[in-house]
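Every value quoted in this text rests on a predicted model; they were computed, and no experiment measured them.
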Amino acid sequence: MAVPLSSASAPAPVSFGERWPPKNSARISRGKFSLTAISLDDYLPMRSTEVKNRTSTGDITSLRVITAVKTPYLPDGRFDLEAYDSLINMQIEGGAEGVIVGGTTGEGHLMSWDEHIMLIGHTVNCFGTKIKVVGNTGSNSTREAIHATEQGFAVGMHAALHINPYYGKTSVEGLISHFEAVLPMGPTIIYNVPSRTGQDIPPAVIEAVSSFSNMAGVKECVGHERVKCYTDKGITIWSGNDDECHDSRWKYGATGVISVASNLIPGLMRKLMYEGENTALNDKLLPLMKWLFCQPNPIALNTALAQLGVARPVFRLPYVPLPLEKRVEFVRIVESIGRENFVGQKEARVLDDDDFVLISRY
């Protein structure tokens, strides 16, 4: 039954001329009425010239183990956030200091931008106080890279990862202009992987943009000599090749590694980057590192995490699992390194072809 409002409980009418706004509020005069001036600065998306990130470039350049983290899926192809959160927790527990979200390993190229930015924001909200979140917001379109990076920093990522424009390649001057367009927004790691982009980023480009305060460094996949070329000039470098990262770190001056293998063995990768030159450990891990790249990444990693029971055996096409003989080889590698050094609690097992789910529409 409706209860009528008493005159005491009824809201009082607002007199714009005298009682509203409060005397400390700003007023805008429009005719005979006064309206409160509301500032939208705290609600509008960040502008490309603003830097609202939550960390400094120096906080990024100090990281030694950054995991290019895998994105697990549900059987219908959507993100499996429960498995993803568990994997991130394993990275934190194993000593990884940062994660690349939606990179090549995380299959950012198979995501919509809505999915991509959501996953960055989710990672920041759940884990941003425990691990640095680097969002892969690069693109071969400068306009798209700017927009995605604005969104990434708006949801709180600590740094951006930027590839050079691929397929529709540009000139050296175009590369410099592309990176100059995104660097003002926040700490940035530039990613050089010619085997994927079809174009090397020459040292002249990196040197041209190295004076930007937001230039954190380079994920470099060309090799040791290129690493040394930069480290001799004081430019921060992360090895982008797991099988080279030990020597890049201890012989050529790299700061650390942006790693695929650390999805599986974060503790051992931390040991490799922190505890001095260790040829014996590096040699022990090389068979795993080689196996991870026996086919284009992240095919092997996806297969491995499924066989460890850490992620469901679900693949977004065009990726498909490794053939049976390689799946058997992985279990043997786990046994040789020691199951206790790998993520997850289940025993490594060889999955059958029928265990895998391949998704073409999601």
Hphob cluster co-occupancy, [X] + [Y], side-chain heavy atoms under 4.5 angstrom:
| X | Y | value |
| --- | --- | --- |
| Trp250 | Tyr230 | no |
| Leu286 | Ile337 | yes |
| Ile258 | Val218 | no |
| Leu63 | Ile131 | no |
| Met111 | Val124 | yes |

Does the side chain of [X] come under 3.5 Å of the side chain of [Y] through a donor N or O and an acceptor N or O?
| X | Y | answer |
| --- | --- | --- |
| Thr67 | Ser262 | yes |
| Trp113 | Glu144 | yes |
| His122 | Asp85 | yes |
| Asp59 | Ser56 | yes |
| Thr105 | Asn297 | yes |

Other residues, nucleotides and ligands only: do more than 12 of their heavy atoms fall within 6.0 Å of [atom1] on [X]?
| X | atom1 | answer |
| --- | --- | --- |
| Glu325 | CD | yes |
| His147 | NE2 | no |
| Asp354 | CG | no |
| Arg349 | CZ | no |

Do the side chains of [X] and [Y] get close enough for a salt bridge, i.e. N-O under 4.0 angstrom?
| X | Y | result |
| --- | --- | --- |
| Glu329 | Lys326 | yes |
| Asp352 | Arg327 | no |
| Arg143 | Glu150 | no |

pair [X]-[Y]: side-chain heavy atoms closer than 4.5 Å:
| X | Y | result |
| --- | --- | --- |
| His162 | Ile189 | no |
| Phe330 | Leu288 | yes |
| Pro165 | Leu175 | yes |
| Arg226 | Pro203 | yes |
| Phe356 | Val320 | no |
| Val260 | Met289 | no |
| Asp242 | Met269 | yes |
| Arg270 | Arg64 | no |

Start with the C-alpha distance between Val182 and Ile146, add both sets of side-chain angles, then the distance that settles side chain to side chain contact (heavy atoms under 4.5 Å, CB included), and finish with yes or no. CA-CA 6 Å; Val182 295; Ile146 289 170; 4.0 Å; yes
Can you tell me how far apart [atom1] ([X]) and [atom2] ([Y]) are? Round to the nearest 0.5 Å.
| X | Y | atom1 | atom2 | value |
| --- | --- | --- | --- | --- |
| Leu264 | Leu87 | CG | CG | 9.0 Å |
| Leu292 | Ile299 | CG | CD1 | 12.0 Å |
| Arg249 | Trp238 | CZ | CH2 | 12.5 Å |
| Thr61 | Ile237 | OG1 | CD1 | 12.0 Å |
| Lys130 | Gln91 | NZ | CD | 14.0 Å |
| Glu173 | His178 | CD | NE2 | 15.0 Å |

Identify which one of Lys219, Glu220, Gln199 satisfies the side-chain hydrogen bond (donor to acceptor under 3.5 Å, both in side chains) criterion when paired with Asn192. Glu220
Verify, without hydrogens or angle tests, whether [X] (side chain) and [Y] (backbone) share a donor-acceptor contact under 3.5 angstrom.
| X | Y | result |
| --- | --- | --- |
| His246 | Asn282 | no |
| Asn136 | Gly102 | yes |
| Asn125 | Gly121 | yes |
| Thr129 | Phe127 | no |
| Thr197 | Tyr166 | no |
| Asn263 | Lys70 | yes |

Determine, step by step, whether Thr188 and Met215 satisfy the side chain to side chain contact (heavy atoms under 4.5 Å, CB included) criterion, reporting the C-alpha distance in whole Å, the side-chain angles of both residues, the deciding distance to 0.1 Å, and the verdict. CA-CA 5 Å; Thr188 299; Met215 173 63 174; 5.5 Å; no
Test salt bridge (charged side-chain N to carboxylate O under 4.0 Å, His left out) applied to Glu207 and Lys233, step by step: CA-CA 9 Å; Glu207 291 165 15; Lys233 295 179 173 68; 3.7 Å; yes
Where is the tightest heavy-atom contact between [X] and [Y], given as atom of each residue plus distance?
| X | Y | result |
| --- | --- | --- |
| Ile120 | Gly135 | CD1-CA, 3.8 Å |
| Pro298 | Glu107 | CG-OE2, 3.5 Å |
| Ser248 | Val227 | OG-CG2, 4.1 Å |
| Ser213 | Thr57 | O-OG1, 3.0 Å |
| Val101 | Val133 | CG2-CG1, 3.8 Å |
| Ile163 | Phe179 | O-CE2, 3.7 Å |

Is it the case that Lys228 places NZ or CZ above or below the six-membered ring of Tyr252, under 6.0 angstrom from the centre and within 45 degrees of the axis? no
Can the positive tip of Arg78 be found less than 6.0 Å from the middle of the six-membered ring of Tyr362, inside 45° of the ring normal? no
Verify side chain to side chain contact (heavy atoms under 4.5 Å, CB included) between Gln151 and His116, making sure each step is shown before the conclusion. CA-CA 10 Å; Gln151 290 185 316; His116 205 135; over 6 Å; no
Worked verdict on Glu180 versus Val209 for side chain to side chain contact (heavy atoms under 4.5 Å, CB included): CA-CA 7 Å; Glu180 286 179 340; Val209 299; 4.2 Å; yes
Please evaluate residues Lys271 and Glu277 with respect to the criterion salt bridge (charged side-chain N to carboxylate O under 4.0 Å, His left out), reporting the C-alpha separation (whole Å), side-chain torsions for both, the decisive distance (0.1 Å), and the verdict. CA-CA 10 Å; Lys271 187 174 183 179; Glu277 195 168 345; over 6 Å; no
Report yes if the distance between the aromatic ring centroids of Tyr84 and Phe79 is under 6.0 Å, otherwise no. no
Among Ile100, Ile60, Val99, Leu161, find the residue that satisfies the side chain to side chain contact (heavy atoms under 4.5 Å, CB included) test when tested with Ile66. Ile100
Side chain to side chain contact (heavy atoms under 4.5 Å, CB included) partner of Tyr73, the single match among Asp80, Asn302, Val314, Val357: Val314
